[in-house]
Amino acid sequence: ATYEAQAQCSPRPDTSAYNNSAVCMIQIQDYPAAAAYYKKLIEMGYTGMETMYMAKNELSGKMQSYASKKDRDAEVKLKVASEPKDSVLPNKQPEIYTTLLQILFQESKKAEPYNFTEFFKYADMAIAKYPEIKEFPLIKGQAYYELGENAKFYEILESAAAKFPT
């Protein structure tokens with residue numbers, strides 16, 4: 001609800017609210033709700049990457065974060081702040097895929113018979129988007145192992161071993 005309200009009022013609504021909600025759902029062990037939030041984050045293209053505009057506050061001597069580059073630069077120009085620097089927060093999407101896949105894997109094993117359809121959909125998306133992350137094909141292989149599809153399991157394992165020799 002927070003995101004929807006912000007989307008109507010702000011040119012850049014805070015998508016991190018979905019990420020925070022997903023983390024909260026994991027903490028209270030409501031995994032289906034966490035999965036729903038993670039799916040929404042993926043659907044929205046959320047990466048969590050943003051530029052932080054920092055400078056040293058001349059009065060306190062501590063680094064301070066600014067809402068915008070313009071705000072920070074104005075304070076530096078006024079000599080209220082110094083040592084400006086930009087830092088980019090890392091991409092959270094691989095972590096979002098990892099957590100979602102772990103949830104979907106466990107939830108898929110609760111079904112009788114096992115149903116990994118949704119898990120495979122997101123595993124394929126993760127592998128396509130982040131082919132350099134070896135955990136994604138490995139967890140997909142584990143799902144085939146759980147299904148008793150050993151030939152597919154070994155095929156994925158051998159492919160991953162060739163692609164990621166260490």
Side-chain angles (χ1 to χ4, degrees), residues 1-55 62-72 85-149 152-153 155-157 159-160 163-164:
T2 302
Y3 175 81
E4 285 83 5
Q6 288 179 352
Q8 293 177 5
C9 302
S10 171
R12 259 185 77 209
D14 182 11
T15 51
S16 66
Y18 277 107
N19 191 50
N20 295 337
S21 296
V23 170
C24 288
M25 293 300 106
I26 287 175
Q27 289 174 346
I28 64 168
Q29 299 179 0
D30 186 346
Y31 300 114
Y37 283 116
Y38 284 129
K39 289 177 202 172
K40 183 70 172 172
L41 286 166
I42 290 168
E43 175 187 312
M44 296 164 64
Y46 174 76
T47 63
M49 294 176 67
E50 64 179 290
T51 302
M52 301 292 294
Y53 303 103
M54 310 290 290
K62 295 181 181 176
M63 290 302 283
Q64 177 177 322
S65 177
Y66 293 85
S68 70
K69 182 177 183 349
K70 182 180 175 184
D71 292 347
R72 191 252 341 254
K85 74 174 191 171
D86 298 347
S87 61
V88 178
L89 297 177
N91 186 354
K92 293 180 183 177
Q93 202 169 61
E95 179 185 324
I96 290 167
Y97 271 109
T98 298
T99 306
L100 176 61
L101 290 175
Q102 290 168 345
I103 292 168
L104 293 177
F105 183 86
Q106 294 304 321
E107 294 296 310
S108 297
K109 287 174 47 177
K110 291 179 181 177
E112 279 297 326
Y114 292 165
N115 183 353
F116 284 94
T117 306
E118 189 174 32
F119 167 85
F120 285 131
K121 172 188 168 187
Y122 284 96
D124 289 340
M125 288 170 62
I127 292 165
K129 189 149 190 164
Y130 299 101
E132 72 281 5
I133 298 177
K134 68 180 174 184
E135 288 76 19
F136 295 150
L138 293 178
I139 193 169
K140 182 178 178 181
Q142 183 66 31
Y144 281 112
Y145 179 80
E146 292 289 335
L147 289 169
E149 295 184 31
K152 191 72 172 164
F153 165 69
E155 176 186 326
I156 290 173
L157 203 59
S159 174
K163 187 172 183 178
F164 308 104

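Salt bridge present: K152 and E155 bring a charged side-chain N and a carboxylate O closer than 4.0 Å.
You'll find the side chain of N91 reaches within 4.5 Å of the side chain of Y130, heavy atoms only. Between N115 and S108 there is no side-chain heavy-atom pair separated by less than 4.5 Å. Between T47 and K92 there is no side-chain heavy-atom pair separated by less than 4.5 Å. Using a 4.5 Å cut-off on side-chain heavy atoms (C-beta onward), K163 and P131 make contact. Residues M54 and D86 form no side-chain contact, since every pair of their non-hydrogen atoms from C-beta on lies 4.5 Å or further apart.
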Under 3.5 Å, which donor-acceptor pairs do the side chains of residues 95-107 form with other protein atoms, sequence neighbours left out?
{"residue": "T98", "atom": "OG1", "partner": "P94", "partner atom": "O", "Å": "2.9"}
{"residue": "T99", "atom": "OG1", "partner": "E95", "partner atom": "O", "Å": "3.0"}
{"residue": "E107", "atom": "OE2", "partner": "K110", "partner atom": "NZ", "Å": "3.1"}

Got a list of side-chain donor-acceptor pairs under 3.5 Å for residues 139-146, not counting sequence neighbours?
{"residue": "K140", "atom": "NZ", "partner": "D124", "partner atom": "OD1", "Å": "2.5"}
{"residue": "Q142", "atom": "NE2", "partner": "E146", "partner atom": "OE2", "Å": "3.3"}

Show me, pair by pair, the donor-acceptor contacts under 3.5 angstrom made by side chains of residues 21-32, not counting sequence neighbours?
{"residue": "S21", "atom": "OG", "partner": "A17", "partner atom": "O", "Å": "2.9"}
{"residue": "D30", "atom": "OD1", "partner": "A33", "partner atom": "N", "Å": "3.3"}

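Taking the six-membered ring where the residue is Trp, F119 and F116 present perpendicular rings, their angle passing 60° and hence far from 30°.
Here the straight-line distance linking atom OG of S87 with atom CE of M52 works out to 6.0 Å at 0.5 Å rounding. For the atom pair OH of Y53 and NZ of K69, the computed distance is 7.5 Å after rounding to the nearest 0.5 Å. How far CD of E149 is from CD1 of I156: 9.5 Å, rounded to the nearest 0.5 Å. In this structure, M44 CE and N19 CG are separated by 10.5 Å, a value rounded to the nearest 0.5 Å. Between the CD atom in Q93 and the OH atom in Y46 there is a gap of 10.0 Å [rounded to 0.5 Å]. The line from OG of S65 to CZ of R72 is 10.0 Å long, rounded to the nearest 0.5 Å.
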Salt bridge (Lys or Arg N to Asp or Glu O under 4.0 Å) evaluation trace for K40 with E43:
CA-CA 5 Å; K40 183 70 172 172; E43 175 187 312; 3.5 Å; yes
Could you walk me through whether M49 and L89 pass the side chain to side chain contact (heavy atoms under 4.5 Å, CB included) test, one step at a time?
CA-CA 5 Å; M49 294 176 67; L89 297 177; 5.7 Å; no
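Between K134 and F164, the shortest heavy-atom contact is CB-CD1, 3.3 Å.
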